[in-house]
Amino acid sequence: QVQLVESGGGLVQAGGSLRLSCAASGRAISSYHMGWFRQAPGKEREFVAAIGWSGGNTYYADSVKGRFTISRDNSKNTVYLRMNSLKPEDTAVYYCAAGTYRCGTNWCSDYWGQGTQVTVSS
């Protein structure tokens with residue numbers, strides 16, 4: 001089983017940037033497709049981005065495409081989410097996930113972190 005701990009969240013003005021990190025322990029993340037999801041107040045958790053084992057394949061929600069970049073460093077057992085041009089609608093709790101896969105028209109994951117708050121002020 002893999003444990004995930006996110007960091008890097010915070011308060012930022014619209015147009016600003018943040019980089020989230022997800023440190024894994026318990027198992028090497030090289031065994032997993034990894035992902036980021038987010039949940040805004042009063043809304044369901046939604047897919048943000050995913051990355052394949054080697055980092056060669058990446059996938060993004062339309063709402064973040066061109067602004068967010070997912071990456072991974074398997075040697076550090078860490079996954080990142082670089083977020084640029086942040087908007088107030090990006091405000092949410094961001095969750096790191098391991099064992100991410102397509103489930104129908106959505107994305108699902110086997111393991112989840114506790115989340116880190118990102119707040120974008122206008």
Side-chain angles (χ1 to χ4, degrees):
Q1 188 151 338
V2 62
Q3 290 80 45
L4 305 169
V5 178
E6 303 93 338
S7 62
L11 173 64
V12 64
Q13 288 188 332
S17 299
L18 282 175
R19 189 181 79 159
L20 305 183
S21 299
C22 171
S25 61
R27 285 193 70 175
I29 64 167
S30 57
S31 302
Y32 298 99
H33 290 228
M34 302 293 292
W36 288 93
F37 293 72
R38 68 186 182 186
Q39 186 168 18
K43 296 187 177 181
E44 293 187 354
R45 187 154 51 187
E46 65 176 2
F47 169 77
V48 174
I51 187 167
W53 293 317
S54 66
N57 294 319
T58 56
Y59 311 87
Y60 296 94
D62 288 342
S63 58
V64 307
K65 203 171 293 183
R67 300 188 297 123
F68 290 12
T69 303
I70 188 171
S71 60
R72 64 192 297 161
D73 187 339
N74 289 342
S75 68
K76 296 182 178 179
N77 231 29
T78 301
V79 178
Y80 305 96
L81 184 69
R82 176 69 181 182
M83 304 184 295
N84 295 330
S85 302
L86 282 161
K87 305 175 181 179
E89 51 263 43
D90 293 319
T91 295
V93 177
Y94 282 72
Y95 297 91
C96 177
T100 300
Y101 58 94
R102 285 192 184 273
C103 47
T105 58
N106 293 316
W107 290 79
C108 300
S109 281
D110 294 326
Y111 304 102
W112 299 89
Q114 294 299 306
T116 185
Q117 177 71 46
V118 171
T119 303
V120 184
S121 63
S122 57

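The model shown is predicted, which means the values in this text are computed figures rather than measured ones.
- Sorted by first and then second residue, the disulfide (SG to SG under 2.5 Å) pairs involving residues 26-81 (not counting sequence neighbours) form an empty list.
- Side-chain atoms of Gln3 and Arg27, non-hydrogen and from C-beta on, never get closer than 4.5 Å to each other.
- Every pair passing salt bridge (charged side-chain N to carboxylate O under 4.0 Å, His left out) that includes a residue from residues 51-65 is listed here, sequence neighbours excluded: Asp62-Lys65.
- Each disulfide (SG to SG under 2.5 Å) pair with one or both residues in residues 53-91, not counting sequence neighbours, would appear here, but there are none.
- Hydrophobic cluster of Val120: the remaining members, joined at side-chain heavy-atom separations below 4.5 Å, are Val2, Leu4, Val12, Leu18, Leu20, Ile29, Tyr32, Met34, Trp36, Val48, Ile51, Tyr60, Val64, Phe68, Ile70, Val79, Leu81, Met83, Leu86, Tyr94, Tyr111, Val118, listed by chain and number.
- Asn84 and Ser17 share a side-chain donor-acceptor pair at under 3.5 Å.
- Legend: disulfide (SG to SG under 2.5 Å) pairs involving residues 33-72, not counting sequence neighbours: none detected.
- Taking Gln39 as the reference, Arg45, Tyr95 meet the side chain to side chain contact (heavy atoms under 4.5 Å, CB included) condition, with sequence neighbours excluded.
- Qualifying side chain to side chain donor-acceptor pair (under 3.5 Å) partners for Asn57, counting only residues two or more places apart in sequence or in other chains: none.
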Can you list, pair by pair, the side-chain donor-acceptor contacts under 3.5 Å of residues 97-105, counting residues two or more places apart and other chains?
residue : atom : partner : partner atom : Å
Thr100  : OG1  : Gly35   : N            : 3.2
Thr100  : OG1  : Ser109  : OG           : 2.6

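- A search for side chain to side chain contact (heavy atoms under 4.5 Å, CB included) contacts involving Ser121 returns Leu11, Gln13, not counting sequence neighbours.
- Every side chain to side chain contact (heavy atoms under 4.5 Å, CB included) that Glu46 has, sequence neighbours left out, goes to Arg38.
- Residue pairs that meet the ring pair (Phe, Tyr, Trp, His ring centres under 6.0 Å) test with at least one member in residues 38-58, sequence neighbours left out, are His33-Trp53, Phe37-Phe47, Phe47-Trp107.
- Residue pairs satisfying the disulfide (SG to SG under 2.5 Å) criterion with at least one member in residues 49-96, sequence neighbours excluded, are listed as follows: Cys22-Cys96.
- Minimum heavy-atom separation, Ser30 to Asn74: CB-ND2, 3.8 Å.
- Between atom CZ of residue Arg72 and atom OG of residue Ser54 there is a gap of 8.0 Å, rounded to the nearest 0.5 Å.
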